[in-house]
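All values reported here derive from a predicted model rather than from experimental measurement.
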Amino acid sequence: MKTKCPECNAELEVPKDALQGEILSCSCCGLELEVKRISGESVELQELTIEGEDWGE
Amino acid sequence: MSIGILYERSETDEMGIKLTAEELGIDLEYIPFRKISIRIDKNGYSFKSKGKNYSNVIEDISVVLNRTQSKNRRLFATYLLETFGKHVINPSPVEFVCYSKLRTLLHFWVEGIGIPNTAYVPCDSHETTKDGNEIYNEEEIADLIEQELGNGEIVIKPDAGTHGRMVSLAKNRKELLMNIQEVKPSIINPVGILAQEFVQKWFYDLRIVVTKERGKAPCCYSKGLARAGFKDFRTNTFLGNLVFGVKLPSHIRNMAVKCGKAIGKNCDAWLLALDAMIAVGKNKIVDDAFVMSELDKLATPFDVVKKVKADRTKKMDFQSWNKKLEESFQNYMNSEAYENVRKIIEESVEKNRYSIIFHEANSCPEFWEQTRLVAGINLALPLLKCAQSVAESSYRGERK
């Protein structure tokens, strides 16, 4: 299944056997995405918020 | 030549920089700095993710805005890029100072800038000997701190912390011992204990923006962001305090420029958000009760702001979300209670301006939501101007 990375717009290949809750990474920018919903050939991804070692300001 | 923007995650600040750059007709190259691999060998360097080679992108840019949020990544990023021949906003000497509260304080102190009374004990609360015995140093550390700061209220801070995390206030020795015990070596506090005498500020503190472009003198914005509340002695907005845009007296702006110069030194271009307090002490101009009641009136409109800020769809439709954010802030700022508190803060700042104390400098400040809309400062503009000022001089062959 194909979709686009919300950060860098690169094409993302989501495996056909991906499960809801699975975490994928965009190979271009490294953004972590969670599979929220799969419906037929379309997939909804949501960006993961990761607890950083420290935050910005 | 385009400008690079290095990021860990594209948050609203980075999206705001992108929007601003588009409005100015500036090309920005986005470069991720987390799941990438930087290789250095006898042939040069490469900069790649699994799916994309960014080496040519890096090669083609002369200046990078460093928007990596993590202090450690930011420091590494600056050193790497400067070694590759790039100008970075902010440059490594600035990042190195801002990383550490103690280093920042030392730079201010040596220039005669007012800072909180500070004591640093380079010893951890708990150590293990080679033969496995445990040593507990809390009592001795507390003795050393009280020797310098007295036994009044003392604040313990992690040297490289942010967002008020792990900052604690001790009202007596028992609490001081407990707080010292909690401090362990970590990424936000590598070694020792940093302690400060509690500053008798009132209900607000200030965030003040200073910047310098290549070829120009450093300057301070005429307005600052006041963070206000009575709930916590830490006034980080991350902890739920309210925000107000206040005019800054010239004395404070001059001191802020002095802070910027103390950190920026010979660097061509930089941008800092300074955190400052005013030791108001007993010089309050109205009763706390009145301020509290006005702040309470602002809870509802500010809850609306917080709800918009927390909207997870913001990155999917940034422009619409941005409009909602602007409307919610406008509603908050249009209220009588906002204007009342803002005037109180401004008057207090003016009256007590010579009691200004600077305690921290932020080299990668958050700005799109509050600083921009409440203090009226879109930091994307000076950031891009700083970048352009060094990029243009590089192009003209003026690089040293």
Side-chain angles (χ1 to χ4, degrees), chain A, chain B residues 7-11 13-15 30-37 48-54 67-74 98-99 158 160-166 186-189 207 236-238 272-273 275 312-318 360-367 370-371 379:
Chain A
M1 291 176 279
K2 287 191 198 303
T3 185
K4 284 199 184 284
C5 171
E7 190 114 303
C8 71
N9 230 24
E11 200 169 81
L12 285 180
E13 189 73 49
V14 178
K16 283 200 170 91
D17 58 352
L19 299 170
Q20 193 174 329
E22 197 170 319
I23 295 171
L24 314 166
S25 240
C26 170
S27 62
C28 280
C29 71
L31 182 70
E32 283 88 2
L33 299 152
E34 184 185 346
V35 175
K36 286 303 278 188
R37 211 162 43 117
I38 298 174
S39 169
E41 282 297 307
S42 76
V43 59
E44 189 186 320
L45 300 176
Q46 184 173 289
E47 186 184 332
L48 272 185
T49 309
I50 290 185
E51 184 71 31
E53 65 191 47
D54 57 36
W55 289 102
E57 309 303 314
Chain B
Y7 69 99
E8 263 172 41
R9 278 168 207 295
S10 187
E11 301 295 346
D13 294 321
E14 288 68 49
M15 297 178 88
Y30 273 71
I31 306 157
F33 196 74
R34 214 166 58 84
K35 287 191 178 175
I36 50 102
S37 168
K48 298 181 194 169
S49 67
K50 272 169 62 176
K52 184 169 173 176
N53 188 343
Y54 289 90
R67 292 294 304 180
T68 46
Q69 285 109 0
S70 147
K71 283 189 176 186
N72 287 287
R73 274 200 198 90
R74 198 152 71 235
C98 293
Y99 180 103
T162 59
H163 291 70
R165 241 193 300 205
M166 301 296 291
S186 71
I187 203 158
I188 64 169
N189 192 69
R207 170 153 288 194
N236 304 68
T237 52
F238 184 71
L272 298 168
D275 286 343
R312 292 191 82 172
T313 65
K314 58 187 166 189
K315 287 169 75 169
M316 277 148 37
D317 189 353
F318 183 65
E360 198 172 333
N362 297 283
S363 60
C364 185
E366 291 162 347
F367 67 90
Q370 293 176 157
T371 306
L379 291 191

According to side-chain hydrogen bond (donor to acceptor under 3.5 Å, both in side chains), who are the partners of A/Asn9, at least two apart in sequence or on a separate chain?
none
Between B/Phe367 and chain A, with a heavy-atom cut-off of 4.5 Å, which part of the residue counts as in contact: side chain, backbone, both or neither?
neither
Nearest atoms (heavy-atom pairs only) where B/Arg9 meets A/Leu31
NH1-CD1, 3.8 Å
Go through the atoms of B/Phe33 and report whether side chain, backbone, both or neither lie under 4.5 Å from a heavy atom of chain A.
neither
So which residues of residues 14-23 of chain A are in contact with chain B at a heavy-atom cut-off of under 4.5 Å?
none
Which atom pair, heavy atoms only, marks the closest approach of A/Ser25 to B/Lys35?
OG-NZ, 2.9 Å
Counting heavy atoms not belonging to B/Lys50, are there more than 12 under 6.0 Å from its NZ?
no
Quick check: closest heavy atoms across B/Ser49 and A/Cys28, and the distance to 0.1 Å?
OG-O, 2.7 Å
Taking the side chain as everything from C-beta on, heavy atoms only, tell me whether B/Met316 gets closer than 4.5 Å to A/Gln46.
no
Could you list the residues that satisfy side-chain hydrogen bond (donor to acceptor under 3.5 Å, both in side chains) with B/Thr313, not counting sequence neighbours?
B/Asp311
Evaluate the side-chain proximity of A/Glu7 to B/Glu14: yes if any heavy-atom separation is below 4.5 Å, no if none is.
no
May I have all residue pairs that pass side chain to side chain donor-acceptor pair (under 3.5 Å) and include part of residues 33-43 of chain A, sequence neighbours excluded?
A/Arg37-A/Glu44
Assess whether atom NZ of B/Lys314 is packed by more than 12 heavy atoms of other residues, nucleotides or ligands within 6.0 Å.
yes
